[in-house]
Amino acid sequence: MNLLKGKTAIVTGASRGIGRAISVALAQHGVNLALSSRSMESLKGILEETTALGVDALPCPADIADPDSPAEIVRKTVDRFGGIDILINNAGIAIPRHICETPTEEWDLHMAINARAPFLMCREAIPYLRKSEAATIINISSVVGNKGYVNQGAYTASKHALMGMTKVLAQEVHGDGIRVHVISPGGVATEMAQITRPDLDMSELITPEEIVDIVMFLLTHRGNAVIDEINVRRAGNQPWK
Ligand SMILES: NC(=O)c1ccc[n+]([C@@H]2O[C@H](COP(=O)([O-])OP(=O)(O)OC[C@H]3O[C@@H](n4cnc5c(N)ncnc54)[C@H](OP(=O)(O)O)[C@@H]3O)[C@@H](O)[C@H]2O)c1
């Protein structure tokens with residue numbers, strides 16, 4: 001039985017990379033979608049792809065660095081679908097730079113997009129998630145949510161902040177039946193990795209579809225076992241490092 005059919009999900013960063021792959025998989029499972037990225041133009045492709053799969057897909061173009069955007073995305077979603085079952089906080093940026101050369105605005109931008117926006121998305125969506133029997137939040141963090149990588153200071157700090165928020169939130173909404181998961185991948189073959197890690201061979205990176213498999217596992221296994229965090233490393237990387 002398809003437990004996800006007819007449910008509603010918000011996916012941020014749906015225009016490309018991991019978010020786009022997640023959106024396609026959700027549409028294949030019959031999930032109606034609120035798709036967010038900065039512009040209508042960038043959402044065009046994923047809108048066509050998901051609606052062609054027979055689901056209702058609502059474009060929510062918004063810059064989530066703006067603190068008013070999350071409430072607007074949630075409002076639009078609820079107006080269209082009447083509720084929210086799944087929230088995927090995936091949108092993110094990573095600008096590689098030494099901490100000593102990082103402009104204050106660039107630091108703040110990482111924090112606004114990678115940490116504050118997921119917090120605001122959760123805060124605004126939770127009143128609706130509380131009413132869903134399938135309520136799930138999945139935050140896409142990174143290996144740098146737990147470690148520190150040179151020239152990724154602002155990115156690393158923002159993902160640590162996301163991890164901290166996720167750990168507290170998971171406990172605070174546990175009694176409401178809302179499951180909160182975090183996925184912490186190493187390099188995934190997307191535009192972001194091309195920019196942040198030009199030294200890596202793209203063919204050796206994790207594929208977005210492999211992250212999708214994990215997302216779909218989390219969403220379709222609502223038994224007595226719950227996975228709080230999934231760390232995912234590249235096969236070429238040393239285990240436990
Ligand atoms: N790729 C990796 O190696 C890797 C590894 C670990 C974790 N992650 C995490 O995975 C997530 C997705 O990364 P990705 O590799 O798929 O990145 P990507 O290909 O660069 O895509 C980023 C997505 O975020 C959206 N976005 C960026 N800034 C935004 C803003 N201000 N407002 C709204 N949307 C915004 C982009 O939309 P538009 O540009 O179209 O507006 C795009 O859809 C991120 O949280 C990233 O930190 C990635």
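Below, each value reflects all heavy atoms present in this structure, side chains not excepted, and no hydrogens, waters or symmetry copies. As the structure lists them, so they are numbered: ligands from 1, and atoms in each ligand from 1.
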Does Asp199 CG have over 12 foreign heavy atoms under 6.0 Å away? yes
Among Asp85, Asp176, Thr8, find the residue that satisfies the side-chain hydrogen bond (donor to acceptor under 3.5 Å, both in side chains) test when tested with Ser132. Asp85
With side chains defined as the heavy atoms from C-beta onward, is the minimum distance between Arg233 and Pro239 less than 4.5 Å? yes
Would you indicate whether the side-chain heavy atoms of Phe119 and Asn89 approach each other to under 4.5 Å? no
Carboxylate-amine/guanidinium proximity below 4.0 Å for Glu49 and Arg20: yes
Strictly below 4.0 Å, N to O, side chains only: are Arg97 and Glu106 in salt-bridge contact? yes
Table of N or O contacts for ligand 1, cutoff 3.5 Å:
unit_1   : atom_1 : unit_2 : atom_2 : d
ligand 1 : 1 (N)  : Val188 : O      : 3.2
ligand 1 : 1 (N)  : Thr190 : OG1    : 3.0
ligand 1 : 3 (O)  : Val188 : N      : 2.8
ligand 1 : 3 (O)  : Val188 : O      : 3.4
ligand 1 : 15 (O) : Thr190 : OG1    : 2.5
ligand 1 : 16 (O) : Ile18  : N      : 2.8
ligand 1 : 19 (O) : Arg16  : NE     : 3.4
ligand 1 : 20 (O) : Arg16  : NH2    : 3.2
ligand 1 : 31 (N) : Asp63  : OD1    : 2.8
ligand 1 : 32 (N) : Ile64  : N      : 3.0
ligand 1 : 37 (O) : Ser15  : OG     : 3.2
ligand 1 : 39 (O) : Arg16  : NH1    : 2.8
ligand 1 : 39 (O) : Arg38  : NH2    : 2.6
ligand 1 : 40 (O) : Ser15  : OG     : 2.7
ligand 1 : 40 (O) : Ser42  : OG     : 3.0
ligand 1 : 41 (O) : Arg38  : N      : 2.8
ligand 1 : 41 (O) : Arg38  : NE     : 2.9
ligand 1 : 43 (O) : Gly13  : O      : 3.2
ligand 1 : 43 (O) : Ser15  : N      : 3.4
ligand 1 : 43 (O) : Ser15  : OG     : 2.7
ligand 1 : 45 (O) : Asn90  : O      : 2.7
ligand 1 : 45 (O) : Lys159 : NZ     : 2.9
ligand 1 : 47 (O) : Tyr155 : OH     : 2.6
ligand 1 : 47 (O) : Lys159 : NZ     : 3.0

